[in-house]
Number of protein chains: 2
Amino acid sequence: MTLSSPSAAAAEPNAAVGPGSEVVDKTLTASRALLGVIARSLAPVMDAVTLPQFRVLVVLWNFGPLRMGELALRLGANQSSFSRFADRMVAGGLIARSASTENRREVIISLTKEGSRIYAEVTEARRQEISEVLSRLSGSEQETVLAGFEAFARAAGEPRADETLILGM
Amino acid sequence: MTLSSPSAAAAEPNAAVGPGSEVVDKTLTASRALLGVIARSLAPVMDAVTLPQFRVLVVLWNFGPLRMGELALRLGANQSSFSRFADRMVAGGLIARSASTENRREVIISLTKEGSRIYAEVTEARRQEISEVLSRLSGSEQETVLAGFEAFARAAGEPRADETLILGM
DNA sequence: TGTCATGGTTGCTATAGTACATATATTGCA
DNA sequence: TGCAATATATGTACTATAGCAACCATGACA
């Protein structure tokens with residue numbers, strides 16, 4: 001059974017997609033492959049940073065320095081839990097506490113050089129690995145991948161931050 | 001810059017793919033989307049099972065009942081650590097210990113009904129969610145996704161079990 | 001039968017993460 | 001000034017994961 005005999009697709013786009021269909025299977029397979037890519041990109045830094053800690057690096061990279069409470073909120077963590085969590089990351093040289101200039105009770109958390117380096121290392125490894133995988137494909141196949149991923153990402157939308165948090169990412 | 005001007009692609013398929021190219025970007029975006037799907041499928045069971053524990057369910061589902069040592073090996077865990085890890089899962093009703101019929105020192109671990117149910121629940125949710133995402137696309141777009149994911153999965157290959165382990169999956 | 005190998009458990013220890021309640025410092029405002 | 005609100009840190013406690021070493025039970029084999 002093909003997914004879209006042109007006529008059927010035009011009449012009812014969704015009819016052919018069910019939890020057991022071929023596209024779903026292929027998507028699941030590809031998602032395993034991508035999970036592998038993500039995992040491999042993370043592996044080299046896992047001795048310096050835990051998964052939940054890496055997530056902090058991601059958030060700080062994307063939003064810049066944040067107050068403790070703000071950061072805890074974004075990570076869905078209890079403030080008091082996060083304080084000690086931060087202790088460990090400071091001890092590990094990944095983040096730094098600094099006093100806010102405008103309000104002396106606030107504590108600003110920012111990435112250290114080392115924290116940034118680790119984030120960049122993972123991102124770079126991920127890009128490297130993906131480009132290596134893609135280089136095994138011909139130019140037209142790469143076009144195919146591009147179009148497919150583009151369509152899927154558009155339909156799926158960006159995951160909410162608190163969702164990927166479940167995976168520690 | 002397009003990835004494959006037909007002539008260039010024919011001459012040197014890999015030339016256009018670099019860590020900064022558009023396909024790589026789209027792939028990363030799609031991988032985030034898929035991560036979201038995976039995370040959401042896991043969320044409902046996270047009160048009954050931890051991520052490392054879920055991985056045990058996956059292994060047992062795929063390989064069937066295994067000896068303690070064999071299972072520990074596949075999970076990259078220390079045997080003694082795994083023994084207590086198993087204690088918790090037994091207490092949680094997810095797996096069962098049973099004596100081997102042929103060798104009285106061996107202990108066989110198998111999925112309980114509840115363990116199987118949880119695994120199935122996650123898998124089903126994942127398929128459901130993917131099919132829901134895909135249903136937002138037209139039939140021809142679904143074809144595009146199918147082709148793209150198929151090509152990518154083929155180029156990437158299945159991840160090694162010990163790799164996805166990093167993510168607790 | 002004695003010895004060694006194999007499979008698993010237990011004692012001990014350590015770390016990460018998490019939460020609740022409480023303490024402390026600071027700020028804003030009446 | 002004094003009190004309430006805000007921002008963070010600490011006391012305490014619990015769970016999950018993890019490793020090493022020692023230990024017990026069983027099996028294999030000389």
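Throughout, a chain's letter reflects where its sequence line sits, starting with A, and its residues are numbered from 1.
Note on A:F63: it clusters hydrophobically with A:W61, by side-chain heavy-atom contacts below 4.5 Å among ILVMFWY residues. Residues B:V90 and B:Y119 are members of one and the same hydrophobic cluster, defined by side-chain heavy-atom contacts under 4.5 angstrom among Ile, Leu, Val, Met, Phe, Trp and Tyr.
Taking atom CG of B:D87 as the reference point, atom C1' of D:dT15 lies 14 Å away to the nearest angstrom.
Two residues are said to be in side-chain contact when any heavy atoms from C-beta on lie closer than 4.5 Å; B:S100 and B:R67 fail this criterion. The side-chain heavy atoms of B:S83 and B:M68, taken from C-beta on, include a pair separated by under 4.5 Å. No side-chain heavy atom of B:I108 sits less than 4.5 Å from a side-chain heavy atom of B:L66. The shortest distance between side-chain heavy atoms of B:V24 and B:S21 falls below 4.5 Å. Contact annotation: the side chain of A:M46 approaches that of A:L51 to within less than 4.5 Å [non-hydrogen atoms, C-beta and beyond].
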Which atom pairs, one a donor and one an acceptor, fall under 3.5 Å between side chains of residues 144-157 of chain B and the rest of the protein, sequence neighbours left out?
unit_1	atom_1	unit_2	atom_2	d
B:T144	OG1	B:S140	O	3.0
B:E150	OE1	B:R154	NH2	3.4
B:E150	OE2	B:R154	NE	3.4
B:R154	NH1	A:E141	OE2	3.4

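By the salt bridge (charged side-chain N to carboxylate O under 4.0 Å, His left out) test, B:R127 is found to be paired with A:D25, residues two or more places apart in sequence or in another chain being considered.
Listed in residue order, the members of residues 92-104 of chain B having a heavy atom less than 4.0 Å from DNA chain C are B:R97. Contacts with DNA chain C (heavy atom under 4.0 Å) in residues 64-85 of chain A: A:N78, A:S80, A:S81, A:R84, A:F85, listed by number. For residues 108-118 of chain A, proximity to DNA chain D is found at no residue, defined as any non-hydrogen atom under 4.0 angstrom from a strand atom.
Within the 3.5 Å criterion, the main-chain N or O of B:R160 finds a donor-acceptor partner in the side chain of B:E163. The main-chain N or O of B:L94 is found under 3.5 Å from a side-chain atom of B:T112 such that the two form a donor-acceptor pair.
Judged by atom type and distance alone, A:R105 does not reach the base of D:dT8 through any side-chain donor-acceptor pair under 3.5 Å.
Nearest heavy atom pair, residue A:A86 against residue A:R97, reads CB-NH2, 3.8 Å.
Using a cutoff of 4.0 Å between basic side-chain nitrogens and carboxylate oxygens, A:E129 and A:R126 are not scored as salt-bridged.
Chain A approaches DNA chain C within less than 4.0 angstrom (heavy atoms of the protein), and the contacting nucleotides run 5' to 3' from C:dA16 to C:dT27.
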